[in-house]
Amino acid sequence: MEQWRDLQRSLAQAGYVASDDLAMALHLSITLGRPLLLEGAAGVGKTQIARVLAAIRDTKLIRLQCYEGLDAGHAIYEWNYQRQLLAIRAASEAGEAGSGMEARVFSEEFLLERPLLEAIRQQEPPVLLIDEIDRADEEFEAYLLEILSDFQITIPELGTITATARPLVILTSNGTRDLSDALRRRCIYSYVDYPDRATEIAILAAHRPDIEADLMGQIVAFVQSVRKEDLEKKPGVAEMLDFAAALAGLGVNDITSDPAALQASLVTLLKTRRDRDALPLEVAQRLAGVAA
């Protein structure tokens, strides 16, 4: 029962502070051999957990970045058509033809592995990160279900390739569209929210132990107040860490002591013109005063 706590501690030692719910979901995903679906706003650390998991297990991280229009060719495998054409031309000039030439150009030599095929051909279980699955089309999601069910891929010219070692699969979603019930049924699920104050301070302490405890508290309180403002893109944990690094680099020991430095550091938190306009200096100073 305490194994998930051991996993949580290992993640923390690698710089990732996971909630109890997330650590338990990850543990069950590993134990049951089921994909883990992480849903939540951008910037809460969904992608980072895959990187850290690969690091603590000393295994390869393979990432498939999803986008609209992603197809099987870019996700699974492609043939190296240019090399095939050159080989066919060379074979033709040498008088080679027929089935022998066809078998040669559709061999491993001309196969381009994409992330999904690469993942199931590893000798040791890799971490397969399928990032932002909600950005891919529903047709691709349906195709992905077959691979996640059987962990095998059929290449007509080569036959069926079955996983040598089943990868640890983590899918992330920012909620830009609803995912199918079929995908959800196949996954362990966890919603990753913005961390609470204590957790975010622990994250900051893990990454920037050089920052004084009082300033850490101010930074986290300020960023959490900024997230409550009417913004297009709320700052995530990565932005919080950048903000802390900016303040430390400017020699700030109290966020109320230098309004100019505070305003300059907001470029790490606010990523659109509308959000910059929504948080002018006077509002930032007010939030800083409350945070202090």
Side-chain angles (χ1 to χ4, degrees), residues 8-19 22 38 40-56 61 63 65 129 131-132 172 174 192-292:
Q8 189 178 43
R9 283 189 284 269
S10 295
L11 292 170
Q13 290 170 1
Y16 191 99
V17 182
S19 67
L22 178 56
L38 301 178
V44 294
K46 304 186 297 298
T47 298
Q48 184 63 16
I49 195 170
R51 297 193 182 102
V52 175
L53 179 63
I56 65 175
L61 172 66
R63 179 178 180 178
Q65 177 62 53
L129 170 63
D131 215 4
E132 298 183 323
T172 73
N174 295 336
V192 185
D193 206 347
Y194 291 110
D196 59 27
R197 176 180 170 82
T199 301
E200 196 153 16
I201 289 176
I203 293 170
L204 179 53
H207 288 268
R208 294 302 304 255
D210 57 307
I211 296 178
E212 295 291 334
D214 288 345
L215 181 58
M216 283 188 191
Q218 291 180 1
I219 290 170
V220 169
F222 178 81
V223 172
Q224 293 191 344
S225 294
V226 169
R227 289 183 188 135
K228 295 176 183 177
E229 297 294 308
D230 182 22
L231 301 178
E232 288 181 330
K233 298 187 181 298
K234 298 182 186 301
V237 174
E239 284 78 16
M240 180 276 294
L241 294 173
D242 288 344
F243 179 63
L247 291 175
L250 292 172
V252 174
N253 295 315
D254 185 312
I255 61 173
T256 63
S257 64
D258 191 339
L262 175 64
Q263 186 70 8
S265 300
L266 289 179
V267 298
T268 61
L269 296 179
L270 308 175
K271 302 300 179 71
T272 71
R273 181 176 179 179
R274 178 184 177 280
D275 288 349
R276 291 296 304 272
D277 292 342
L279 206 75
L281 178 58
E282 57 272 18
V283 174
Q285 287 182 290
R286 174 176 57 80
L287 296 179
V290 173

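Numbers here simply count residues along the sequence, with the first being 1.
Side-chain contact between Val17 and Pro195: absent, with no pair of heavy atoms (C-beta onward) separated by less than 4.5 Å. Between Val223 and Tyr194 there is no side-chain heavy-atom pair separated by less than 4.5 Å. The side-chain heavy atoms of Arg63 and Arg51, taken from C-beta on, include a pair separated by under 4.5 Å. For the pair Leu247/Ile255, a side-chain contact is recorded, criterion being any heavy-atom separation below 4.5 Å from C-beta on. Inter-residue side-chain proximity for Leu129 and Lys46 is flagged as unmet; no heavy-atom pair is nearer than 4.5 Å.
The two residues Ser265 and Leu250 have their closest heavy-atom pair at OG-CD1, 3.5 Å. The two atoms that bring Ser10 and Ile56 nearest to each other are O-CG2, 3.8 Å, heavy atoms only. Shortest non-hydrogen contact noted between Ala221 and Arg197 is CB-NH1, 3.5 Å. Closest non-hydrogen pair, Ile201 versus Gly217, comes out as CD1-CA, 4.1 Å.
Listed for the His207 side chain is a donor-acceptor partner under 3.5 Å among the backbone atoms of Gly15. When atom types are taken as modelled, the side chain of Gln48 and the backbone of Ala238 share no donor-acceptor pair closer than 3.5 angstrom. One N or O on the side chain of Gln8 and one on the backbone of Ala18 form a donor-acceptor pair closer than 3.5 Å. Side-chain atoms of Tyr16 come within 3.5 Å of backbone atoms of Gly45 as a donor-acceptor pair (strictly under, hydrogens ignored).
Counting only N and O atoms by type, the side chains of Glu212 and Asn253 include no donor and acceptor under 3.5 Å apart. Between the side chains of Glu132 and Thr172, no donor N or O sits under 3.5 Å from an acceptor N or O.
Note that the CD1 atom of Ile49 and the CG atom of Leu11 stand 5.5 Å from one another [nearest 0.5 Å]. Note: Gln285 CD to Thr256 OG1 = 9.5 Å, rounded to the nearest 0.5 Å. Distance CG/Leu287 to CD/Gln218: 13.0 Å, rounded to 0.5 Å. A distance of 15.0 Å separates CD1 in Ile203 from CZ in Arg208, rounded to the nearest 0.5 Å. With rounding to the nearest 0.5 angstrom, the CZ atom of Arg276 is 13.5 Å from the CD atom of Glu232. We find the CG-CD distance between Asp131 and Gln65 to be 5.0 Å, quoted to the nearest 0.5 Å.
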Review point. Could you go step by step and tell me if Asp242 and Leu269 meet the side chain to side chain contact (heavy atoms under 4.5 Å, CB included) rule?
Key: CA-CA 8 Å; Asp242 288 344; Leu269 296 179; over 6 Å; no

Exercise for review: Please assess Asp193 against Val44 for the test side chain to side chain contact (heavy atoms under 4.5 Å, CB included), listing each intermediate value before the final yes or no.
Suggested key: CA-CA 6 Å; Asp193 206 347; Val44 294; 5.5 Å; no

**Study point:** Glu200 vs Arg227, salt bridge (Lys or Arg N to Asp or Glu O under 4.0 Å): CA-CA, chis, key distance, verdict
**Key:** CA-CA 13 Å; Glu200 196 153 16; Arg227 289 183 188 135; 2.7 Å; yes

Review point. Should Leu262 and Phe243 be marked as a side chain to side chain contact (heavy atoms under 4.5 Å, CB included) after you check the CA-CA gap, both sets of side-chain angles, and the distance that decides it?
Key: CA-CA 9 Å; Leu262 175 64; Phe243 179 63; 3.8 Å; yes

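Taking the charged nitrogens against the carboxylate oxygens, Lys271 and Glu239 do have a contact shorter than 4.0 Å, which makes a salt bridge. Salt bridge annotation for Lys233-Asp275: absent, with no cationic side-chain nitrogen under 4.0 angstrom from a carboxylate oxygen.
Under a cut-off of 6.0 angstrom, the local environment of CG in Asp214 is sparse, with at most 12 non-hydrogen atoms contributed by other residues, nucleotides or ligands.
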